[in-house]
Amino acid sequence: MLRVNWNYIKGLGLIALVSFVFVFSSFRNNVRKIAEIKVNFLGENNLFMTEASVNKLLIQNNEELPNMAKEILDLNDIESALKSNPMIKTAEVHLTVNGEVRADILQRKPIARVSTNASYYIDDEGAFMPLSTFHTARVPLVTGHVKKNKLSNVYIIADKIFNDQFLKTHVVEIYQNEDETFVLKTRAFDFEIWLGNLDKLDNKISNLKAFYQKAKKDDMLSKYSKVNLQFDNQVVCTKK
């Protein structure tokens, strides 16, 4: 007489039940609609894009994400769309179990604004960055002979100003001459700072700070029209 192995049958039944529940849950999860979009701007000075402008980038195939079925959602495409925006430095998109799309976005950071025949920013990595329709950054202007495909020297000066509190407080304009030497213009004082080329830049800035402290103490800052830093270890001033 054939003996029935009930434990074996129960095991097969349990496996079948678990498989059915898993497949059913997966099906329901895939057809579940996207419930909400949450945009999280990382870092500081997130002024160059708005949540509404990000939501426009999140429209796939002319269909808005809310109420879209999860099974047709492509997170890689969404990330690529966000990263292609010139105001966005990095973007990561996640989908939560409850159907919420979360986009973590880090905006680019401008450190100078070129104002010649064309107007655009230079960002903190030295790259071209277009102007924003939502906000104008308070950064030094760059004028003179500037080419969009040759920003490396301007970036070095702009980065130095951005990361130095003294320069950031006082310098409002960077002028590049045709020979790629530089003149700086200040916020409060009526004199130009002739920086020259980038040789010994840190030493020139140290000389400028020493001159500033001495001239301020002697109440002479308003007496000069030109401060020349192009000579080694000295500051040559021209009086008005």
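Values reported hereafter were calculated over all heavy atoms of this structure, with side chains retained and with hydrogens, waters and symmetry mates removed.
- Atom-to-atom distance recorded for Tyr121:OH and Leu131:CG is 5.5 Å, nearest 0.5 angstrom.
- In this structure, Leu141 and Ser115 have side chains that are in contact, with non-hydrogen atoms separated by less than 4.5 Å.
- The cluster map of Ile, Leu, Val, Met, Phe, Trp and Tyr, joined by side-chain heavy atoms under 4.5 Å apart, puts Ile193 and Phe166 in the same cluster.
- One finds the CZ atom of Phe182 at 4.0 Å from the CD atom of Gln176 (value rounded to the nearest 0.5 Å).
- One distance of note links NE2 of His135 with OG1 of Thr50; it measures 13.5 Å at 0.5 Å rounding.
- Using a 4.5 Å cut-off on side-chain heavy atoms (C-beta onward), Leu229 and Trp194 make no contact.
- Taking 4.0 Å as the cut-off between side-chain N and carboxylate O, Glu125 and Arg108 do not count as a salt-bridged pair.
- In summary, Lys89 and Asp123 do not engage in a salt bridge, as defined by a charged side-chain N under 4.0 Å from a carboxylate O.
- Heavy-atom contacts from other residues, nucleotides or ligands closer than 6.0 Å to CG of Asp219 number 12 or fewer.
- Looking only at side-chain heavy atoms (C-beta outward), Gln165 and His170 stay at 4.5 Å or farther from each other.
- Note on Val183 and Leu198: separate hydrophobic clusters, where clusters join Ile, Leu, Val, Met, Phe, Trp and Tyr whose side-chain heavy atoms are under 4.5 Å apart, directly or indirectly.
- Here the side chains of Lys160 and Leu201 are in contact, with some heavy-atom distance below 4.5 Å.
- Of the possible donor and acceptor atoms, one in the side chain of Ser132 sits under 3.5 Å from a partner among the backbone N and O of Phe48.
- In summary, the side chains of Ser225 and Glu192 do not present any donor paired with an acceptor at a separation below 3.5 Å, with no hydrogens or angles considered.
- Here the OG atom belonging to Ser206 is positioned 15.0 Å from the CZ atom belonging to Phe211, to the nearest 0.5 angstrom.
- Lys204 contributes a side-chain N or O that, together with a main-chain N or O of Leu195, makes up a donor-acceptor pair within less than 3.5 Å.
- A salt bridge is absent between Asp164 and Lys168; no separation between the charged side-chain nitrogens and carboxylate oxygens falls under 4.0 Å.
- Listed here is the closest heavy atom pair of Arg138 and Arg187: NH2-NH1, 4.3 Å.
- Side-chain heavy atoms closer than 4.5 Å link hydrophobic residues (I, L, V, M, F, W, Y) into clusters, and following such links, even through other members, never connects Phe134 to Val54.
- Both Leu208 and Val235 belong to a common hydrophobic cluster when Ile, Leu, Val, Met, Phe, Trp and Tyr are linked at side-chain heavy-atom distances under 4.5 angstrom.
- A salt bridge links Asp190 with Lys240: at least one charged nitrogen is closer than 4.0 Å to a carboxylate oxygen.
- The 12-atom threshold is exceeded at NZ of Lys209, counting heavy atoms of other residues, nucleotides or ligands nearer than 6.0 Å.
- Side-chain contact between Asp104 and Phe41: absent, with no pair of heavy atoms (C-beta onward) separated by less than 4.5 Å.
- In terms of heavy atoms, Phe191 sits closest to Thr186 at O-OG1, 3.8 Å.
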Evaluate the side chain to side chain contact (heavy atoms under 4.5 Å, CB included) criterion for residues Glu100 and His94: first the C-alpha distance (whole Å), next the side-chain angles of each, then the deciding distance (0.1 Å), finally the verdict. CA-CA 8 Å; Glu100 180 182 83; His94 312 276; over 6 Å; no
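- Counting heavy atoms from C-beta on, the side chains of Met129 and Pro110 come closer than 4.5 Å.
- Grouped by direct or indirect side-chain proximity (heavy atoms under 4.5 Å, Ile/Leu/Val/Met/Phe/Trp/Tyr only), Val236 sits with Phe231.
- The environment of CG in Asp179 is crowded: more than 12 heavy-atom neighbours from other residues, nucleotides or ligands sit within 6.0 Å.
- When each of Val142, Ile156, Ile122 is checked for a side chain to side chain contact (heavy atoms under 4.5 Å, CB included) with Leu151, only Ile122 meets the rule.
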Could you give me the CA-CA distance, side-chain angles and deciding distance for Tyr224 and Phe189, then say whether ring-ring contact (aromatic ring centres under 6.0 Å, His included) is met? CA-CA 9 Å; Tyr224 301 110; Phe189 310 114; over 10 Å; no
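- Distance CD/Gln230 to CG/Asn197: 7.5 Å, rounded to 0.5 Å.
- Side-chain contact between Glu180 and Lys150: present, with at least one pair of heavy atoms (C-beta onward) separated by less than 4.5 Å.
- The six-membered or imidazole ring of Tyr120 lies near that of Phe128, with a centre-to-centre distance under 6.0 Å.
- By the neighbour-count criterion of 12 heavy atoms within 6.0 Å, atom CD of Gln234 is densely surrounded, having more than that number from other residues, nucleotides or ligands.
- Within the 3.5 Å criterion, the main-chain N or O of Ile88 finds no donor-acceptor partner in the side chain of Gln107.
- Across Leu82 and Ala103, no two heavy atoms sit closer than the pair CD1-CB, 4.2 Å.
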What's the verdict on side chain to side chain contact (heavy atoms under 4.5 Å, CB included) for Asn163 and Asp159, showing C-alpha distance, side-chain angles and the deciding distance? CA-CA 6 Å; Asn163 291 292; Asp159 184 64; 2.9 Å; yes
I would like to know whether Thr143 and Glu173 meet side chain to side chain contact (heavy atoms under 4.5 Å, CB included); could you show each step before the answer? CA-CA 7 Å; Thr143 58; Glu173 184 177 338; 2.7 Å; yes
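- Distance check: Asn85 CG to Ile105 CD1 gives 8.5 Å after rounding to the nearest 0.5 Å.
- When all heavy atoms are compared, the tightest approach of Lys83 to Ala91 is CE-O, 3.2 Å.
- Side-chain atoms of Ser53 do not come within 3.5 Å of backbone N or O of Met49 as any donor-acceptor pair.
- Closest heavy-atom contact between Asn233 and Asn203: OD1-ND2, 3.2 Å.
- Minimum interatomic distance between Thr116 and Gly144 (heavy atoms only, all atoms of both residues): CG2-O, 3.4 Å.
- Two different hydrophobic clusters hold Val172 and Ile161 under the rule that ILVMFWY side chains link at heavy-atom gaps under 4.5 Å.
- Contact check for Lys185 versus Val171: no side-chain heavy atoms found under the 4.5 Å cut-off.
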